[in-house]
Amino acid sequence: MAQIIPVKVFDMVVFGATGDLTLRKLMPSLYLRFRDGQAPAESRVIAAARTPLSEEDYRAKIADALHTFLDESQRDEALIRQFCAALRYVALDGVSGEGWERLVDLLATEPERVRVFYLATAPDLYGPICRNIRKFNLITPLSRVVLEKPIGHDLASARAINDEVGAIFEESQIYRIDHFLGKETVQNLMALRFANAIFERLWNADVIDHVQITVAETVGVEGRAEYYDKTGALREMVQNHLLQLLCLLAMEPPVSLDPNAVRDEKLKVLRALKPIGRAEVGSHTVRGQYVHGAIDGKPVPGYATEMGRPSRTETFVALKAEVHAWRWAGVPFYLRTGKRMAQKVSEVVVQFRNVPLSIFPPAVSDLEPNKLVIRLQPNEGILLKLMTKDPGPGGLRLRPARLDISFQKAFNIVYPEAYERLLMDVVRGNPTLFMRRDEVEAAWRWIDPIIEAWADSPDLPRPYPAGSWGPTAAIALIERDGRTWHEDWDNGEG
Ligand code: BG6
């Protein structure tokens, strides 16, 4: 049974309060936590942005957003009215310090509360906003600051931001969010690995042939074209979400669930990633950009057409990563992610090696190696592919069968949005599912040479039709090694 443990009363100041993230994710998640009584009713959400808006207009905007981004089953009109009526809106300039007085006055009435500053802005504003938070004396012992990803656009800029924020807040007060870590099924990777003896003992190069991590989306760049074009899929998705998944899959068992014990193990994986430099970038990475195609039978324009100009930004990345550690010697991790792909699916595939020797005649049974598929979204679940005897008479013939657990069916729940969990963890003061400074920097240290090699190369991202599985070069990347991408998402074959 799900348990709702209320958090302490808090004040949360959301900077970037008119932005896409606030409307799409933060406000709907906060509404749901208030609705379920986990966020105590006296808590306050103070929205701050540059746009001069009346409080009434801001509340109407959020009411609209809740109607757009919440499912019908999640909406309760009376509760939406109550949530919006309690919102405060402060028009201020995060950089110049103009308009902060009202924020100061509002916060001054509750100096003892947990105080969260959520920076849902561009990363170059993190430093200036934090300096103003300090200048206006808003930091209390129970204050925390939340930074959205990506932290910077390379190692140097990430360090500069971490230094700026770190000069104002203690590391223990800084919550670097990677919302993938808040997804229930991502946390389930830890449960699967460390709460079941059967997997952990097989979790190594002796038994595992390779691992695939796919995060495919059907959406395009939505309302974020300007931001996306400067960022691209490698910085947007691989530097954080996909590498965090890789860490959870590859790390050694932490000594406990203590936040630093878990993060120490993830850091070791990031540090053990074999660098991909100029010499390897051609054989180990593929970048793509969608051209016109169709999603669900509807025509979709290409990325450059949407941008109104040619662009070198990648909307798809596939790469082969290697973890230089005894456990993973010779086991490649194939990662791929893209916008406008054939299907929305996030999935991990652990491909085991075949039996060392088959005693079955090849004519009747082609032995397929075991495969563990962990579906992160949608249709969250786990599927284990096994060889079994084909039932009935006709001799001993084998065929693959699947052990298939759908979490939704098994537990009869709808998974909460990752942000709901993470926002409450910030209030609780639990940083386990947030990235520590050294993790973020280690991830950039591995990503930077790939970005540099791409920038130096005359090649453009390879085109792929919207609604496909990416450029053919991504298929070649894995097939060169005699392997194939797992593709039949619905029935787990492939
Ligand atoms: C975000 C990226 O971090 O993750 C988006 O900025 C992407 O581009 C999103 O669409 C995917 O997250 P989810 O939770 O929808 O799978």
Side-chain angles (χ1 to χ4, degrees), residues 16 19-29 32 65 68-71 74 118-123 146-153 158 175-189 213-246 248 287-290 295 300 303 306-307 311 313-317 335-348 374-380 414-423 433-435 440 443-444 447 466 470 489:
D20 190 65
L21 177 74
T22 305
L23 304 186
R24 214 176 261 275
K25 300 282 187 187
L26 301 184
M27 289 299 174
S29 301
L32 290 168
T68 310
F69 297 117
L70 288 169
D71 287 347
Q74 297 174 309
Y118 198 115
L119 310 194
T121 66
V146 185
L147 308 181
E148 260 297 329
K149 63 119 258 252
I151 312 270
H153 55 271
Y175 288 70
R176 296 178 192 80
I177 209 158
D178 179 323
H179 81 281
F180 264 52
L181 294 178
K183 290 182 191 284
E184 294 264 339
T185 40
V186 174
Q187 293 162 52
N188 214 355
L189 292 176
I213 303 176
T214 295
V215 177
E217 299 184 273
T218 50
V219 291
V221 295
E222 310 299 293
R224 304 183 305 153
E226 200 196 326
Y227 151 79
Y228 192 89
D229 202 46
K230 279 192 259 155
T231 314
L234 187 69
R235 292 184 172 103
E236 246 276 276
M237 301 293 290
V238 180
Q239 190 270 346
N240 33 75
H241 302 328
L242 277 87
L243 285 187
Q244 286 291 323
L245 290 176
L246 188 155
L248 292 174
R287 55 188 160 143
Q289 189 186 85
Y290 60 85
I295 304 268
V300 170
Y303 180 77
E306 283 176 336
M307 291 291 148
S311 162
T313 301
E314 78 287 354
T315 59
F316 172 95
V317 180
L335 275 47
R336 64 176 171 168
T337 181
K339 299 273 186 207
R340 292 284 191 228
M341 290 184 65
Q343 214 173 320
K344 177 172 170 67
V345 64
S346 299
E347 199 155 55
V348 170
I374 306 162
R375 286 189 304 241
L376 304 175
Q377 64 184 24
N379 309 327
E380 294 81 355
V414 176
Y415 278 102
E417 164 62 47
Y419 278 94
E420 293 178 51
R421 160 80 196 254
L422 295 175
L423 287 165
L433 300 176
F434 295 80
M435 292 182 291
V440 173
W444 279 122
I447 291 286
W489 307 104

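Along the sequence shown, the residues carry numbers beginning at 1. What's counted below: heavy atoms across the whole structure, side chains too, no hydrogens, waters or symmetry copies. In each ligand, atom 1 is the first atom listed, and ligand 1 is the first ligand listed.
For R340 (side chain) and Y290 (main-chain N/O), no donor-acceptor pair under 3.5 Å exists by modelled atom type. Side chain of T313 to backbone of D229: a donor-acceptor contact under 3.5 angstrom is found.
Using a 4.0 angstrom heavy-atom cutoff, R224 counts as in contact with ligand 1.
Contacts of H241 classified as side chain to side chain donor-acceptor pair (under 3.5 Å), with partners at least two apart in sequence or in another chain: D178. With sequence neighbours excluded, no residue forms a salt bridge (Lys or Arg N to Asp or Glu O under 4.0 Å) with E148.
Ligand 1 places these atoms under 4.0 Å from at least one heavy atom of K149: 1 (C), 2 (C), 3 (O), 6 (O). Atoms of ligand 1 found under 4.0 Å from any heavy atom of E236, numbered from 1 in the order shown, are 2 (C), 5 (C), 6 (O), 8 (O). When each atom of ligand 1 is checked for a heavy atom of K344 under 4.0 Å away, the hits are 15 (O), 16 (O). Within ligand 1, counting atoms from 1 as listed, the ones closer than 4.0 Å to a heavy atom of H179 are 1 (C), 3 (O), 4 (O), 12 (O), 13 (P), 14 (O). Listed by number with element, the atoms of ligand 1 under 4.0 angstrom from any heavy atom of K339 are 5 (C), 7 (C), 8 (O), 10 (O).
Between R24 and E417, no side-chain nitrogen of the basic residue sits less than 4.0 Å from a carboxylate oxygen of the acidic one, so the salt-bridge criterion is not met.
The closest protein non-hydrogen atom to atom 14 (O) of ligand 1 is K183 NZ, 2.5 Å. What sits closest to atom 10 (O) of ligand 1 on the protein, heavy atoms only, is E217 OE2, 2.5 Å.
By the 6.0 Å contact criterion, CD on E226 is open, its count of non-hydrogen atoms from other residues, nucleotides or ligands being 12 or less.
By the 3.5 Å distance cut-off applied to N or O atoms, Y228 is not counted among the residues near ligand 1. Backbone and side-chain nitrogen or oxygen atoms of Q377 are examined, and one is located within less than 3.5 angstrom of a nitrogen or oxygen of ligand 1.
With values rounded to the nearest 0.5 angstrom, I177 atom CD1 is found 12.0 Å from N240 atom CG.
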